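These numbers were taken from a predicted model, which means no experiment stands behind them.
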Amino acid sequence: QARLEESGGRLVQAGASLRLACAASGPTFRSYAMGWFRQASGREREFVAVINWSGTSTYYSDSAKGRFTISRDNAKNVLYLQMNSLKPEDTAVYYCAAHGSSTTDFVQSARLDYWGQGTQVTVSS
């Protein structure tokens, strides 16, 4: 059964760094584009970053650009999100997702194929 499981979320202070991981099992996720979304309390889910199937192309939201880095290890079927210089406004549940093979497929799709359950990141001021 296809499954994405996020980990690494926790309470940190502003300015800290945190690395999230998303372990994939089931289908051949190494052939999928994978990405991160987040949802703050009372707000809609928003796109954070995406990486294509081979790891050669990435795309970030304006809020993530320059502070967050998405990467993947296809040998281990793990997706990462390195988050630096965290701000209180980064507080949210972070979800990983998989869809298509390219960043364009992922960003332009109205419905993604696979979602994880999320991991809570809380940044205190």
Side-chain angles (χ1 to χ4, degrees):
Q1 185 176 353
R3 183 178 179 185
L4 298 175
E5 185 172 4
E6 303 91 339
S7 63
R10 61 184 178 91
L11 172 65
V12 296
Q13 290 189 330
S17 296
L18 200 59
R19 189 176 79 160
L20 305 183
C22 172
S25 59
T28 309
F29 282 105
R30 62 193 65 181
S31 67
Y32 280 82
M34 297 187 72
W36 292 93
F37 285 76
R38 67 185 183 184
Q39 186 168 19
S41 180
R43 303 187 66 175
E44 291 188 356
R45 190 174 296 186
E46 64 172 350
F47 166 79
V48 175
V50 60
I51 188 167
N52 72 336
W53 71 274
S54 62
T56 57
S57 179
T58 58
Y59 180 72
Y60 297 90
S61 67
D62 286 343
S63 61
K65 204 173 300 182
R67 297 188 301 126
F68 295 2
T69 302
I70 189 171
S71 62
R72 65 191 298 163
D73 184 338
N74 281 347
K76 297 180 179 179
N77 268 358
V78 181
L79 174 74
Y80 300 102
L81 184 69
Q82 176 68 42
M83 303 186 293
N84 299 328
S85 302
L86 283 163
K87 305 174 182 179
E89 50 263 43
D90 294 319
T91 295
V93 178
Y94 284 70
Y95 299 89
C96 66
H99 182 82
S101 60
S102 71
T103 57
T104 302
D105 289 342
F106 190 97
V107 171
Q108 293 187 349
S109 177
R111 185 175 180 274
L112 303 184
D113 290 332
Y114 300 100
W115 288 93
Q117 294 301 305
T119 185
Q120 175 72 48
V121 173
T122 303
V123 185
S124 64
S125 57

**OP:** May I have all residue pairs that pass salt bridge (charged side-chain N to carboxylate O under 4.0 Å, His left out) and include part of residues 31-41, sequence neighbours excluded?
**Re:** R38-E46, R38-D90
Original post:
Restricting to pairs with a member in residues 87-106, which pass ring pair (Phe, Tyr, Trp, His ring centres under 6.0 Å), not counting sequence neighbours?
Top reply: F37-F106
**OP:** Sequence neighbours left out, what passes salt bridge (Lys or Arg N to Asp or Glu O under 4.0 Å) with E5? Give chain and number order.
**Re:** R3
Original post:
How far does CD of E6 sit from SG of C96, to the nearest 0.5 angstrom?
Top reply: 4.0 Å
Just list the side-chain donor-acceptor pairs under 3.5 Å for residues 47-60, sequence neighbours left out, or say none.
from : atom 1 : to  : atom 2 : distance (Å)
N52  : OD1    : G55 : N      : 3.0
N52  : OD1    : T56 : N      : 2.9
N52  : OD1    : S57 : N      : 3.0
N52  : ND2    : S54 : OG     : 3.3
N52  : ND2    : T56 : OG1    : 3.1
S54  : OG     : T56 : OG1    : 2.8
Y60  : OH     : I70 : N      : 2.9

**OP:** Sequence neighbours left out, what passes side chain to side chain contact (heavy atoms under 4.5 Å, CB included) with V12? Give chain and number order.
**Re:** R10, A16, L18, L86, V123
Original post:
Does Y114 belong to the same Ile/Leu/Val/Met/Phe/Trp/Tyr cluster as L79, with side-chain heavy atoms less than 4.5 Å apart forming each link?
Top reply: yes
Subject >> Residues forming a salt bridge (Lys or Arg N to Asp or Glu O under 4.0 Å) with R72, sequence neighbours excluded >> reply: none
**OP:** Determine whether more than 12 heavy atoms belonging to other residues, nucleotides or ligands lie under 6.0 Å from atom CD of Q117.
**Re:** no
Subject >> side chain to side chain donor-acceptor pair (under 3.5 Å) partners for Q120, two or more places apart >> reply: T122
Subject >> Non-neighbouring partners of Q82 that pass side chain to side chain contact (heavy atoms under 4.5 Å, CB included), sequence neighbours left out >> reply: S17, R19, T69, N84
Original post:
Do the side chains of V93 and L112 join up, straight or via other hydrophobic residues, at under 4.5 Å, putting them in one cluster?
Top reply: yes
Original post:
For residues 33-95, which residue pairs qualify under disulfide (SG to SG under 2.5 Å), counting only residues two or more places apart or in two chains?
Top reply: none
Original post:
Can you name the closest pair of heavy atoms from M34 and A98 and give their distance?
Top reply: CG-CB, 4.0 Å
Original post:
Do S61 and S63 have side-chain atoms, one donor and one acceptor, less than 3.5 Å apart?
Top reply: yes
Original post:
Which residue pairs pass the salt bridge (charged side-chain N to carboxylate O under 4.0 Å, His left out) test with at least one member in residues 98-114, sequence neighbours excluded?
Top reply: none
Original post:
So how far is it from Q13 CD to S125 OG, rounded to the nearest 0.5 Å?
Top reply: 9.5 Å
**OP:** With rounding to the nearest 0.5 Å, note down the distance linking OG in S85 to CE in M83.
**Re:** 11.5 Å
Subject >> Single-linkage hydrophobic cluster L4~L20, side-chain heavy atoms < 4.5 angstrom >> reply: yes
**OP:** Could you list all the salt bridge (charged side-chain N to carboxylate O under 4.0 Å, His left out) pairs where at least one residue sits in residues 114-125, not counting sequence neighbours?
**Re:** none
Original post:
If you round to the nearest 0.5 Å, how far is OG of S102 from OH of Y32?
Top reply: 13.0 Å
Original post:
Sequence neighbours excluded, which residues qualify as side chain to side chain donor-acceptor pair (under 3.5 Å) partners of S31?
Top reply: none
